[in-house]
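To start, the structure under review is shown below, and the notes come after it.
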Amino acid sequence: MDRAERTALALAGFGHVLLLGALSLSLIRPAPKLPTLNPPIEVDLVSATALQTAAPDAVPEASAPPAPSEVEPMADAVAPPPMAAKAKADAKVPDPKAKPQKPEATKPAQRSSRLDGSLMAQLSKAANRETSTPGTGRGTAAQGSGTPAARTAAQLEASFIQALFSQIKRYWRAPTGVDAELLRTNIIVTLKPDGSIATITVVSQTGVTENNENLKAIHAERAASAIRRAAPFQLPPEHYAIWQSLGPITFDKRLN
Amino acid sequence: MTPILATDATSLSPIALFLQADIVVKLVMLGLLLASIWTWAIIISHARKMRLAMRGCDRFEQDFWNAEDTNAFYQVHKDDPLPSARVFQAGIFEWRRSTSNRNMDREGTRQRLATTMNTAIAAEVDRLGDRLNILATIGSVAPFVGLFGTVWGIMRSFTAIASQQNTSLSVVAPGIAEALFATAIGLFAAIPAVIAYNRFGHGLNRLEARLTRFADSFHASLSRELES
């Protein structure tokens, strides 16, 4: 290897180190990934169905059948057999005239009223409750049994919030900026019976980072103003107890 | 822009890809890198040598045909390392040895002159084409060595998939990328080597043809001398 070759070797090595260095120091790097222009949209099926689904259809059927099955074994257990048999026989007579529209539910109640003992008081109380408002149907039936009513109230409230959203959406403009889409403002609204606003309370804000710190006040303010501008709300007046205070309603970038 | 040593695989940094690789792949990569350096060293030195030789031959032949006295010219260029000069020296050397005794064989002298000068040409071409076989070897073998590294790396990343029970692209991709980097280096070494080999082979053929022409002309003039 003579001098010329050694020089060439040094030159080639230097060139390779230079190229490797350029690549490693990220002087030549692929172009950064472009952000996706249309981020995937969250679809919520509740907002599409809103008010209709909340109606508690199943309640009259659900509340009525359990009554006989619940009462009958207890009556047999406590009362002596002949008495139960007599009660059964007696019960058959006054039935039809008492309540033609709900025979299933009233039959055990009336029969149990003829039983004696501590159980009888309870049963008669239950019977009174059921027989006191026989004609009003759905609403009282829902109040009579605990769990369907609670579920119904929650469903109703959710549907009222959806109704609120559909009115507010038009006025809601989320602030834009760095990390603005992470901000969420939770608001509780209390309403007057005529659908106008009594109070607006900002409960909490989530998704606050150091980048959107300056936006959170604007976010809450715009949320409140959107509610104010959307008022008054048209909500069924008979459920005022439920929609008197709604929330916490979460305001995010896309209200739904 | 502040240059930061990129060690993440996504930026295609060679250092990062090298550091993440298996030991076998690392060895392959190092070998290929050395082969690449060697290739370029040969390319640089050989290109320089060929350029000097061509230019020197041009000047030498011009000087030779312009020279009045061949003996004087020989005295000046006795130790010239140029290919043309070597052929010339060989011819003169044989001429002097053949014409030194009184009853010389003219036909034999002609043949001897031709043979010595052809030998000198072959020796020169041999000397110049010394390293070209290395270029040929690197050009043909480097892609295979790189491919070996890639196959090894991909086998390794497949076993990694099997052990992790996870076939998402983020698990598979880095291993395959680092494995493919071995083939990339192989091609990086092989492509210049093949191009240079072909180009230098062509250059060497041209030089040989040129030396042959010079030798023939010189032989013709010596042969004319013999007749007189």
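Order of the sequence lines sets the chain letters (A, B, ...), proteins ahead of strands, with each chain counted from 1.
Shown here is B:F93, whose CZ atom has no more than 12 heavy atoms of other residues, nucleotides or ligands within 6.0 Å. Surrounding CD of B:Q75 are more than 12 heavy atoms belonging to other residues, nucleotides or ligands, all under 6.0 Å away. The environment of B:R156 atom CZ is dense: over 12 non-hydrogen atoms of other residues, nucleotides or ligands sit within 6.0 angstrom. With a 6.0 Å radius and a threshold of 12 heavy atoms from other residues, nucleotides or ligands, B:R59 has its CZ atom at or below the threshold. No more than 12 heavy-atom neighbours from other residues, nucleotides or ligands sit within 6.0 angstrom of CD on A:E221.
Note: A:L9 CG to B:W40 CH2 = 14.0 Å, rounded to the nearest 0.5 Å. Distance CG/A:L23 to CG/B:L17: 10.0 Å, rounded to 0.5 Å. Summarising the geometry, atom CG belonging to A:L11 is positioned 10.5 Å from atom CZ belonging to B:R48; distances are rounded to the nearest 0.5 Å. The CZ atom of B:R131 sits 4.0 Å away from the CD atom of A:E5 when rounded to the nearest 0.5 Å.
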Practice task
Could you please spell out the steps behind the side-chain contact (heavy atoms from CB on, under 4.5 Å) verdict for B:F188 and A:L19?
Solution key: CA-CA 12 Å; B:F188 178 75; A:L19 180 65; 3.4 Å; yes
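Across all non-hydrogen atoms, the minimal contact from B:P14 to A:L20 is CB-CD1, 4.0 Å. Listed here is the closest heavy atom pair of B:A41 and A:A8: O-CB, 3.2 Å. Across B:I44 and A:A12, no two heavy atoms sit closer than the pair CD1-N, 4.1 Å.
Sorted by first and then second residue, the side-chain hydrogen bond (donor to acceptor under 3.5 Å, both in side chains) pairs involving residues 182-200 of chain A (not counting sequence neighbours) are A:T185-A:Q205, A:T185-A:H219, A:N186-A:S204, A:N186-A:T250, A:T190-A:T199, A:D194-A:S196.
Of the atoms belonging to B:T39, not a single heavy atom falls under 4.5 Å from chain A.
Under the rule for a side-chain contact (heavy atoms from CB on, under 4.5 Å), B:A122 has no partner lying at least two apart in sequence or in another chain.
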